[in-house]
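The sequence lines fix the lettering, A, B, ..., with proteins before strands; numbering per chain opens at 1. Please read all numbers here as calculations on a predicted model, not as lab measurements.
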Protein chains: 2
Amino acid sequence: MTDDSQMPSLTTAQNDAMHVAEALCSDRGERLTPARRRVLELLLQAEGPIKAYDLLELLKPGPGAAKPPTVYRALDFLMELGLAHKIEALNAYVSCAHCHDSGGAEIFICTQCDGVEERHGASHSSCAPDGFTIQRSVVEHFGVCARCAA
Amino acid sequence: MTDDSQMPSLTTAQNDAMHVAEALCSDRGERLTPARRRVLELLLQAEGPIKAYDLLELLKPGPGAAKPPTVYRALDFLMELGLAHKIEALNAYVSCAHCHDSGGAEIFICTQCDGVEERHGASHSSCAPDGFTIQRSVVEHFGVCARCAA
DNA sequence: TTTTGAAATGTTATAATATCACACTTGTGA
DNA sequence: TCACAAGTGTGATATTATAACATTTCAAAA
Ligand SMILES: [Zn+2]
Ligand SMILES: [Zn+2]
Ligand SMILES: [Zn+2]
Ligand SMILES: [Zn+2]
């Protein structure tokens with residue numbers, strides 16, 4: 001029996017993601033506290049983008065019924081570490097499987113199945129106005145994924 | 001004296017933009033009603049992105065004190081016509097000088113002066129997951145403009 | 001001209017999203 | 001042991017946006 005035994009039904013991939021998160025926190029000297037861990041689990045288990053107040057509902061059954069600041073603090077923490085992203089156009093959140101340092105995530109959301117895929121590295125500086133230095137980008141594409149188009 | 005005389009201090013460029021808007025509405029068989037016109041004027045006069053409730057405040061002095069639905073309806077109308085955009089990451093709105101049909105706007109926001117510039121036409125389909133069809137994109141870049149960097 | 005019907009607006013209330021402020025707890029290191 | 005910083009709990013409140021339904025406006029049809 002591992003010390004992940006208190007987690008409810010995480011898939012292998014989700015379990016792996018938790019371990020990556022633990023390692024990342026350890027590296028950075030940050031603490032993956034129970035509240036933060038629980039929110040990350042819920043993000044990993046979600047089938048697509050999930051809203052803060054839906055997370056809040058999912059946290060209700062637990063020992064301490066969470067209040068909004070708890071969820072938003074956990075989300076802020078996870079986003080700082082690059083373990084989660086906010087989809088601005090939806091006011092919703094997703095876990096990030098890429099564990100990149102901040103910057104450069106390009107998100108594709110299928111409007112039929114709510115599936116989210118992420119890509120990195122495309123530079124947008126070539127389109128920028130002359131002399132404009134990009135510090136942070138929000139790139140969110142909505143459409144139909146290959147599976148749903150079939 | 002022109003029949004724009006009831007408008008408060010619009011610059012020539014802003015006046016031109018109003019005429020473009022009028023022409024566009026005319027083309028589309030849509031009506032640029034006083035509420036819609038007033039909101040567009042305020043967007044044009046704003047120095048940068050402006051929030052819905054700030055627009056609401058600016059409308060207060062007028063003959064009829066506006067309520068939230070008035071502002072949101074006007075913004076929705078203007079966005080439908082491509083005369084305004086929402087900046088999702090700021091929950092704020094800007095007028096659009098490009099009068100493009102919907103789709104493809106790429107927005108650059110200077111975090112020092114709040115200036116907004118818009119570019120078009122960069123295709124992101126090359127970065128998309130295989131088989132993903134993009135229907136709508138949100139592309140917002142935050143950084144420092146040439147003027148502020150100088 | 002009158003009728004009429006769709007579009008637009010007014011109005012009240014409320015939903016949905018997010019943060020503040022401050023007390024308390026917890027874990028860590030001097 | 002103590003002091004301190006980070007994290008959390010809690011209640012209130014701020015911010016952003018929409019629902020629902022009555023009323024008005026306006027132009028086209030009769
Ligand atoms: Zn990511
Ligand atoms: Zn899909
Ligand atoms: Zn535009
Ligand atoms: Zn600037």
Side-chain angles (χ1 to χ4, degrees), chain A residues 21-22 24-43 46 49-81 83-94 138 140, chain B residues 21-22 24-43 46 49-81 83-94 138 140:
Chain A
E22 285 160 1
L24 181 63
C25 287
S26 184
D27 277 1
R28 303 282 188 92
E30 299 285 356
R31 296 162 52 202
L32 190 60
T33 61
R36 293 165 173 178
R37 169 183 291 270
R38 189 81 187 92
V39 168
L40 179 53
E41 284 172 16
L42 291 172
L43 287 176
I50 184 167
K51 304 213 157 214
Y53 276 73
D54 292 337
L55 288 170
L56 203 47
E57 283 306 309
L58 293 171
L59 287 170
K60 282 281 163 73
K67 301 267 169 59
T70 302
V71 168
Y72 284 105
R73 285 165 181 161
L75 288 171
D76 286 345
F77 173 84
L78 296 171
M79 289 190 293
E80 281 281 321
L81 265 63
L83 293 169
H85 297 299
K86 178 177 184 181
I87 301 179
E88 297 286 351
L90 297 178
N91 293 322
Y93 303 83
V94 290
V138 172
E140 300 166 358
Chain B
E22 285 161 0
L24 182 63
C25 287
S26 185
D27 278 1
R28 304 281 188 92
E30 299 285 357
R31 295 161 52 202
L32 191 59
T33 61
R36 293 164 173 178
R37 170 183 291 270
R38 189 81 187 90
V39 169
L40 179 53
E41 284 172 16
L42 292 172
L43 288 176
I50 185 167
K51 305 214 158 211
Y53 276 73
D54 291 337
L55 288 170
L56 203 47
E57 283 305 309
L58 293 171
L59 287 170
K60 283 280 163 73
K67 303 264 169 56
T70 302
V71 168
Y72 284 105
R73 284 164 180 161
L75 289 170
D76 286 346
F77 173 83
L78 295 171
M79 288 190 292
E80 281 281 321
L81 265 64
L83 294 168
H85 298 297
K86 179 177 184 180
I87 301 178
E88 297 287 352
L90 297 178
N91 294 320
Y93 303 83
V94 290
V138 172
E140 300 167 357

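Distance CD (A:Glu80) to C1' (D:dG7): 15 Å, rounded to an integer number of Å. Taking atom CD1 of A:Ile87 as the reference point, atom C1' of C:dA18 lies 18 Å away to the nearest angstrom. Across the protein-nucleic acid pair, B:Leu56 atom CG and D:dT15 atom C1' stand 12 Å apart, rounded to whole Å. Atom CG in B:Leu75 sits about 15 Å away from atom P in C:dA8, given to the nearest Å. One atom, CG of A:Leu55, and another, C1' of C:dA18, lie 14 Å apart when rounded to the nearest Å. One atom, CZ of A:Arg31, and another, C1' of C:dT25, lie 11 Å apart when rounded to the nearest Å. Between B:Leu32 atom CG and C:dA8 atom C1' there is a gap of 13 Å when expressed in whole angstrom units. One atom, CG of B:Asp76, and another, P of C:dA8, lie 12 Å apart when rounded to the nearest Å.
Checking the phosphate oxygens (OP1, OP2) of C:dA8, a side-chain nitrogen or oxygen of B:Arg36 falls inside 4.0 Å. Between A:Asn91 and C:dA18, a side-chain N or O to OP1/OP2 separation shorter than 4.0 Å is present. For D:dT15, neither phosphate oxygen OP1 nor OP2 lies less than 4.0 angstrom from any side-chain nitrogen or oxygen of B:Lys51. B:Lys67 has no side-chain polar atom (N or O) that falls below the 4.0 Å cut-off from OP1 or OP2 of C:dT9. Between A:Lys86 and C:dT17 there is no side-chain N or O to OP1 or OP2 distance below 4.0 Å. For the OP1/OP2 pair of D:dT8 and a distance below 4.0 Å, the side-chain nitrogens and oxygens of A:Thr70 include no atom meeting the criterion.
Using a 4.5 Å cut-off on side-chain heavy atoms (C-beta onward), B:Val94 and B:Ile50 make no contact. Using a 4.5 Å heavy-atom cutoff, the side chains of A:Arg37 and A:Glu22 are in contact.
Residue B:Arg73 has its side chain nearest to D:dA20 when only D:dA17, C:dA21, D:dA20 are considered. Checking C:dC20, C:dG27, C:dA18 against every side-chain atom of A:Pro69, the shortest atom distance belongs to C:dC20.
Backbone-only contact: B:Tyr93 has heavy atoms under 4.0 Å from sugar-phosphate atoms and none from a base.
Place B:Tyr72 and A:Tyr53 on DNA chain D by their nearest nucleotides, and A:Tyr53 ends up nearer the 5' end. Between B:Glu30 and A:Leu90, it is B:Glu30 whose nearest contact on DNA chain C lies nearer the 5' terminus. Along DNA chain D, the nucleotide nearest A:Thr33 and the nucleotide nearest B:Ala92 are compared for position; the residue whose nucleotide lies closer to the 5' end is A:Thr33.
Minimum interatomic distance between B:Leu59 and B:Arg38 (heavy atoms only, all atoms of both residues): CD2-CG, 3.3 Å.
Checked by atom type and distance alone, the side chain of B:Arg36 never pairs as donor or acceptor with a backbone atom of B:Phe77 at under 3.5 Å.
We find the NZ-NZ distance between B:Lys86 and B:Lys51 to be 9.5 Å, quoted to the nearest 0.5 Å.
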